[in-house]
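Written below as structure tokens is the structure these notes are about.
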Amino acid sequence: MIPYPELSGYAAPALHAHGLYIGGTWQQGGGIPVLNPSTGDVLAEVPDASTEDAMRAVAAAEAAAPAWRATPARRRSEILSRWFQLMSEHAEEIATLIALENGKALPDARGEVAYAAEFFRWYAEEATRIPGEYRHTPSGSHTILVDHEPIGIAVLITPWNFPAAMATRKIAPALAAGCTVILKPASETPLTAYAMARLGAEAGVPPGVVNVLTTQNPADVTNAMLADPRVRKLSFTGSTAVGRTLLAEAAKRVVSCSMELGGNAPFIVLDDADLDAALDGAMVAKMRNAGEACTAANRFYVQAGIHDDFVKGLTARMGALRIGAGYDPATQCGPMITRRAIEKIDHLVSTAVRLGARVTTGGAPLPGPGYFYPPTVLENVPAGARIAREEIFGPVAPIYRFETEDEAVQLANDTEYGLAAYLYTRDLKRAMRLGKRLETGMLGINRGLMSDPAAPFGGVKQSGLGREGGVTGILEFMEPKYYAVEF
Ligand code: NAD
């Protein structure tokens with residue numbers, strides 16, 4: 001394993017920002033250690049915001065709101081475009097920062113930066129195309145005009161697994177819509193969020209339009225903001241369990257919520273699939289971010305005729321991946337985020353093995369330092385095992401055999417989640433027929449990667465409410481206003 005670069009040595013000075021960012025000023029401080037999951041060492045320390053800090057951020061967002069709302073769409077668009085350019089120029093430094101604090105392999109980190117930056121470009125374009133309506137009532141009584149107004153101050157809460165992209169997927173549409181925001185990134189990965197705020201300021205985002213807070217006490221800080229009448233929107237990405245709690249909290253003041261929650265994606269391979277294409281797709285769907293993705297394939301359902309070849313092929317590919325520190329250029333599978341994550345994965349795998357699953361590669365945590373779990377394939381997994389019901393969030397591929405299409409649909413839908421699903425077959429008619437029966441917000445047909453800023457990202461059932469990205473993502477930060485006009 002190579003030694004990790006000094007935090008001060010790898011990046012442009014513009015990216016060294018570890019302080020609360022409120023009203024355009026940085027407030028230095030400590031309290032939250034940021035760990036390098038590749039070694040377990042402390043990388044940096046960031047401030048631990050109090051509820052008073054959160055109220056200052058709400059006040060700053062409130063003070064900046066009238067001018068930002070009144071800023072012409074073209075100007076907002078130009079600022080977002082500039083932010084896109086700056087992220088692209090600093091792509092390598094941001095990718096290194098992500099690899100350091102999150103642990104993901106550099107190719108994944110580079111992919112994330114490119115994806116994250118694209119939200120600024122996409123919403124720079126959408127900012128100038130906010131839709132309205134003009135209709136006549138069927139009775140002829142009057143005319144209906146519908147305008148879309150910015151919803152108001154938005155609280156944005158993001159997870160650690162995509163520290164750049166989950167933030168830009170919210171900030172870009174919110175700013176395009178004319179809202180001011182308070183971002184609360186995960187305390188495991190705050191450095192990327194602060195670095196991006198720096199670039200935003202450089203791009204021309206006025207003080208107070210974007211505020212960033214890190215805290216070790218997210219419940220109190222968030223609840224204080226949700227209780228404030230100036231806050232009108234909560235956009236959350238994270239686990240279903242925390243999402244439920246936040247929905248209950250937001251209900252007290254009927255705050256509008258967009259929720260991007262957990263997943264349990266089935267990856268279905270039909271007998272007639274192109275085996276190599278299915279294996280390529282499986283590696284992407286499973287191993288992007290070493291499995292720490294909400295869209296990660298969590299259950300592989302493979303039809304009997306192709307099952308054994310698929311197990312053999314996936315075992316060979318997973319077993320060949322190079323494991324190492326995220327920032328080591330040779331690494332293909334980085335560490336998990338924390339020691340707790342390893343313990344959870346280990347528990348799911350060992351329980352499945354006790355129930356009769358067979359390990360074909362990997363199967364046990366690796367010794368430290370760092371939080372490493374090897375790419376693992378399990379076959380003969382009983383459908384009722386816990387690993388089939390819970391998000392694994394790691395590099396483990398449990399494979400289940402099925403016989404008929406009906407069986408595949410029944411197994412795939414047997415979960416409270418409905419974020420993403422994957423389907424491999426050479427027969428497009430069959431794919432569309434099955435696709436209609438799958439309870440999912442997104443379906444990859446002969447593709448292991450579906451995320452795209454131009455597409456609506458989100459889930460059904462307990463995977464969430466609303467969509468991010470695409471042409472509708474901006475409307476999550478707007479309220480329609482209906483004018484009944486008689487003339
Ligand atoms: P998490 O729910 O533990 O935390 C997410 C964020 O919420 C963090 O910023 C955390 O500090 C904050 N938080 C935790 N408790 C809170 C509370 N009581 N009040 C307010 N904020 C609170 O999730 P995580 O472990 O950081 O991320 C992994 C989860 O995120 C997985 O379930 C994954 O599927 C999900 N995820 C979903 C999407 C999506 O688009 N649907 C994308 C990425 C990750």
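Read the numbers this way: they start at 1 and go in the same order the structure lists the ligands and their atoms.
- Taking a cutoff of 4.0 Å between a charged side-chain nitrogen and a carboxylate oxygen, Lys170 and Glu468 qualify as a salt bridge.
- For atom 21 (N) of ligand 1, the nearest non-hydrogen atom from the set Gly464, Pro218, Ala341 belongs to Pro218.
- With a 4.0 Å heavy-atom cut-off, ligand 1 is reached by no atom of Asn223.
- For ligand 1 and Met166, the ligand atoms under 4.0 Å from any heavy atom of the residue are 42 (C), 43 (C).
- Within a 4.0 Å radius of atom 26 (O) of ligand 1, the protein contributes at least one heavy atom.
- Remark: Glu439 engages Lys461 in a salt bridge, criterion side-chain N to carboxylate O under 4.0 Å.
- The aromatic rings of Trp160 and Phe393 stand perpendicular to each other, their planes meeting at an angle above 60°, with 30° marking the opposite boundary.
- Applying the 4.0 Å criterion to heavy atoms of Cys294 picks out, from ligand 1, the atoms 33 (C), 34 (O), 36 (N), 37 (C), 38 (C), 39 (C), 40 (O), 41 (N), 42 (C), 43 (C), 44 (C).
- Summary of contacts: the protein heavy atom closest to atom 41 (N) of ligand 1 is Leu261 O, 2.8 Å.
- With respect to the salt-bridge test (charged N to carboxylate O, under 4.0 angstrom), the residues Glu416 and Arg389 do not qualify.
- Heavy-atom contacts of Glu391 reach the following atoms of ligand 1: 31 (C), 32 (O), 33 (C), 34 (O) (cutoff under 4.0 Å).
- Between the side chains of Asp220 and Asn223, no donor N or O sits under 3.5 Å from an acceptor N or O.
- Protein heavy atom nearest atom 35 (C) of ligand 1, with residue, atom name and distance: Gly238 O, 3.2 Å.
- The heavy atom nearest to atom 20 (C) of ligand 1, out of those in Asn264, Asn161, Thr222, Asp220, is found in Thr222.
- Here the two rings, on Tyr422 and Phe267, have centers that are under 6.0 Å apart.
- Those atoms of ligand 1 with a heavy atom of Phe457 less than 4.0 angstrom away are 39 (C), 40 (O).
- Listed by atom number, the atoms of ligand 1 under 4.0 Å from Val242 heavy atoms are 2 (O), 13 (N), 14 (C), 15 (N), 16 (C), 17 (C), 22 (C).
- Residue-ligand proximity, Thr158 to ligand 1, at heavy-atom distances under 4.0 Å covers atoms 6 (C), 8 (C), 9 (O).
- The shortest non-hydrogen separation linking Val46 to Leu191 is CG1-CD2, 3.8 Å.
- Of all protein heavy atoms, the one lying nearest to atom 18 (N) of ligand 1 is Ala219 CB, 3.6 Å.
- Looking at Thr245 against ligand 1, nothing comes within 4.0 Å, counting heavy atoms.
- For ligand 1, the atoms closer than 4.0 angstrom to any heavy atom of Leu419 are 41 (N).
- Salt-bridge formation is detected for the pair Asp280/Arg317: a Lys NZ or Arg NE/NH1/NH2 atom is positioned less than 4.0 Å from an Asp or Glu carboxylate oxygen.
- At the top of the distance list for atom 7 (O) of ligand 1, counting protein heavy atoms only, stands Phe236 CE1, 3.2 Å.
- Geometrically, Arg198 engages Trp26 in a cation-pi contact defined by less than 6.0 Å to the ring centre and at most 45° from the axis.
- More than 12 heavy atoms of other residues, nucleotides or ligands sit less than 6.0 Å from atom CZ of Arg56.
- At the shortest separation from atom 10 (C) of ligand 1 among protein heavy atoms lies Lys184 NZ, 4.0 Å.
- The parts of Thr237 lying near ligand 1 are both backbone and side chain, judged by heavy-atom distances below 4.0 Å.
- In this structure, Phe119 and Tyr115 have perpendicular ring planes: the angle between them is above 60°, well past the 30° mark.
- Electrostatic pairing of Glu343 and Arg340 does not count as a salt bridge here, judged by no charged N lying under 4.0 Å from a carboxylate O.
- Scanning all protein heavy atoms for the shortest distance to atom 24 (P) of ligand 1 gives Trp160 NE1, 3.4 Å.
- Residue Ala176 comes nearest to Ile130 through the heavy atom pair O-CD1, 4.0 Å, listed as atom of the first residue, atom of the second, then distance.
- Distance from atom 12 (C) of ligand 1 to its nearest protein heavy atom, with residue and atom name: Ile157 CG2, 3.8 Å.
- For Arg169, every heavy-atom contact with ligand 1 shorter than 4.0 Å involves the side chain, none the backbone.
- Ring centroids of Tyr400 and Tyr301 are separated by less than 6.0 Å, placing the two rings close together.
- Only the side chain of Phe393 comes within contact range of ligand 1, with a heavy atom under 4.0 Å; no backbone atom does.
- For atom 2 (O) of ligand 1, the closest non-hydrogen atom on the protein side is Ser239 OG, 2.6 Å.
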